[in-house]
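Note that the coordinates shown come from a computational prediction; the quantities given were computed from them, not determined experimentally. We name chains A, B, ... by the order of the sequence lines, and we start the count at 1 in each one.
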2 protein chains.
Amino acid sequence: MATQKEIARLAGVSVSSVSAVLNGTTHTRMSHATRERIEAAIAEAGYVPNDAARALRRQQAGTIAVVVEKLENPAYKELFHGIYEAAEERGWAVVLGDVVWMRSGSHFLARLLGRGSIDAIVLRQDRLIDEEVLAHLRARPTPVVLVERQADPHDSWIAVDDLAAGRMAAEHLIELGHRDIAFVGGEGQPSAARCEGYATAMRSAGLVSSSPVVTGFGPESGARGLDELRARGVLPTAVVVANVMSAVGLLAAAADAGIDVPGRFSVVGIHDADIADVVRPSLTTVKLPMRALGVRAVEQVSALLAGTPTELGVFTDPPPEVIVRSSTAPPE
Amino acid sequence: MATQKEIARLAGVSVSSVSAVLNGTTHTRMSHATRERIEAAIAEAGYVPNDAARALRRQQAGTIAVVVEKLENPAYKELFHGIYEAAEERGWAVVLGDVVWMRSGSHFLARLLGRGSIDAIVLRQDRLIDEEVLAHLRARPTPVVLVERQADPHDSWIAVDDLAAGRMAAEHLIELGHRDIAFVGGEGQPSAARCEGYATAMRSAGLVSSSPVVTGFGPESGARGLDELRARGVLPTAVVVANVMSAVGLLAAAADAGIDVPGRFSVVGIHDADIADVVRPSLTTVKLPMRALGVRAVEQVSALLAGTPTELGVFTDPPPEVIVRSSTAPPE
DNA sequence: CTGAAAGCGCTTACAG
DNA sequence: CTGAAAGCGCTTACAG
């Protein structure tokens, strides 16, 4: 409740001086005595800066929002961490939200669309977001960085190398000796790219890739994926699943159906998370560089805010990485 | 970038009128023609309100922050949802963050501690937060609601009935016929209350409760819990684990050790999450009313902000609920 | 029915 | 070395 004005009165100085000790950008050669008086007053009064006033005056809030689809997806843990670290380094606070909160009319959305409280948005969405909301977003001055492949040239996006991830997952299985390998994924972009990678690997090995099973992203999608695979006839000897949680769900469904993993059936999940280590059999995964993605996202935000051009698109530098656990083995 | 001033110029009216159509709180009997002209100008210019200016003027931001320990814990999914719904209903936007971001000196912390951009904080922490930060928090005017049992009478807190949850978990096992039941938990409050509940149930049944194994909250803690249990001598026939993810980890460790669950050993986890359904054997849990907790937290925030007294403490109304899955069975 | 003006709490040239 | 003043973009009594 104490304002700079009161601190000024308390210390017998002007607000300019108070602001100066708070920010250190002006009045740099202030007398030691004055500074001490001011600092004492600040401490005594328990002065807390008003971020709204500061944001209004500075024309920037110092906060970026990160909005993702399915906040509870454990694969985001590293992404958030990367974003947080990079943002702090550059002087921003990060706040999080879920895509489902971006309903038209919601206060959450209003805060994102409004100016003054959020400087930029990092958004990860698959297809859940409605087009109306996306259009709103595009129309606003607030920069938006999508961490996901996008077709629209107006969008600023970056993504991990999903194609390589799909390829590496399939290659791992091919190296083990599998020839009949399926792909289970969801709708939308990341899954499509991963599937393309899978198809590439199959082609290179002279194998035929079967048409992808499209389900979704949660555990239940994995179970449905297995159902569909079995409905198609003889179960392949291995599968690439576009998502960890789906892969875990598929593993459970296989156990329920009495299918021996990895003896009869090998499973690779794309994305990594603690859970992969905790299910039994533990899940072989292709780990995506999510932390690096977070860092790049923040760099992108920086660039957008500064008007500096930067490299958009897929980054391949920290490449995906196969983490072999117990859900894959040579075919019987 | 368009401001009300420009809209006013465009529509040939004063900013008061522009503000009036935006908020509807004043100039209620505006002529239809004027209103239409203003609305047209707003649409044409793509006017977006400046939340910082609004917050400064209104002396409230319309945003509450929710900060939890281990954002990736799937048990929070429902809590977040409850908070979001209740907050939206009351006109607030919600933003999320992780307790580890509350380091002294971080911009994230600055935003929480500062005034003007966050009206209140809902905080769930176990013991990760450092006391210095908590002291800061207590010293600020921003209301903080802790969703966790607290001893300090200065704190405003609410919590689910952890004691009942611990009791119900143990009772479920006792009903199945178990007599030798252990407890694995973490440090800190919620685990302690759950353990107390466990002990109560044991006592009521005339059984002796063994001293709790204290590990932590992640999957690895569950594994360590099992190790310690085995190190103590003959493995009990059942265990109550204070947290889902630990329980899942314990399940994995049991599988690795060749211990048959639930045949030789039954496991109940406290808290529920999708994952409980997806591991094999699926995990019997005591589901806590996390959504309701979220709603209460927001009510609490409301009350604090309004200065209205409300009921603090443990709420028992939607009680915890045992969800029987496949990790529990009668002892051999 | 509508507008002029004050003021929310800051930061930042500018003057002295 | 320090202060007076303008202004960021709103909202809200108040006057007419």
Side-chain angles (χ1 to χ4, degrees), chain A residues 1-39 41-42 45-62 91 110-111 114-119 141, chain B residues 1-39 41-42 45-62 91 110-111 113-119 141-142:
Chain A
M1 331 283 185
T3 65
Q4 287 187 12
K5 202 165 146 192
E6 292 173 60
I7 302 299
R9 193 176 44 71
L10 238 60
V13 297
S14 72
V15 291
S16 317
S17 301
V18 177
S19 179
V21 340
L22 251 18
N23 298 290
T25 52
T26 177
H27 290 50
T28 23
R29 32 189 76 213
M30 187 181 297
S31 85
H32 202 63
T34 310
R35 162 159 286 126
E36 292 213 318
R37 263 209 327 287
I38 296 174
E39 279 168 350
I42 286 174
Y47 170 78
V48 179
N50 185 308
D51 288 326
R54 188 173 268 181
L56 176 60
R57 181 54 227 240
R58 287 191 183 157
Q59 294 287 76
Q60 60 164 341
R111 210 80 341 121
R115 292 166 307 130
S117 66
I118 300 288
D119 295 328
Chain B
M1 329 278 186
T3 64
Q4 287 187 11
K5 203 166 148 193
E6 292 173 58
I7 301 300
R9 195 176 42 72
L10 238 60
V13 297
S14 72
V15 291
S16 315
S17 300
V18 177
S19 179
V21 342
L22 252 17
N23 298 292
T25 51
T26 176
H27 291 47
T28 21
R29 31 188 77 214
M30 187 181 300
S31 87
H32 203 62
T34 310
R35 163 161 283 126
E36 292 213 319
R37 264 207 329 287
I38 296 174
E39 278 169 351
I42 286 174
Y47 170 79
V48 179
N50 185 308
D51 289 326
R54 189 173 268 181
L56 176 58
R57 183 52 230 239
R58 289 190 182 157
Q59 294 287 75
Q60 61 164 343
R111 209 79 344 118
L113 297 182
R115 291 166 307 130
S117 67
I118 300 287
D119 295 328
T142 311

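- Proximity of A:Val18 to A:Tyr47: side-chain heavy atoms (C-beta onward) are nowhere separated by under 4.5 Å.
- Atom-to-atom, CD of B:Gln4 to P of C:dA4 comes out at 15 Å; the value is rounded to the nearest Å.
- Searching all strands for a Watson-Crick or G-U wobble partner of D:dC1 with both distances below 3.5 Å returns C:dG16.
- Ranked by how close their nearest DNA chain D nucleotide is to the 5' end, B:Ala53 and B:His27 are led by B:Ala53.
- With D:dA6, C:dT2, C:dG3 as the choices, the nucleotide that has an atom nearest any side-chain atom of B:Ser16 turns out to be C:dG3.
- Of all nucleotides listed (D:dC10, D:dG7, D:dG3), D:dG3 comes nearest to the side chain of A:Val13.
- OP1 or OP2 of C:dC10 sits under 4.0 Å from a side-chain N or O of B:Arg115.
- The side chain of B:Ser17 sits closest to C:dG3 out of C:dC8, C:dT11, C:dG3.
- Considering only side-chain N and O atoms, A:Ser14 lies nowhere under 4.0 angstrom from the phosphate OP1 or OP2 of D:dT2.
- Between A:His27 and A:Thr34 there is no side-chain heavy-atom pair separated by less than 4.5 Å.
- Note on B:Arg54: every side-chain N or O is 4.0 Å or more away from OP1 and OP2 of D:dG9.
- Note on B:Val48: only backbone sugar-phosphate atoms sit closer than 4.0 angstrom, heavy atoms only; bases stay farther off.
- Using a 4.0 Å heavy-atom criterion, one finds that B:Ser19 contacts the bases of the nucleic acid, with or without backbone contacts as well.
- An OP1 or OP2 oxygen of D:dG9 is reached within less than 4.0 angstrom by a side-chain nitrogen or oxygen of A:Gln59.
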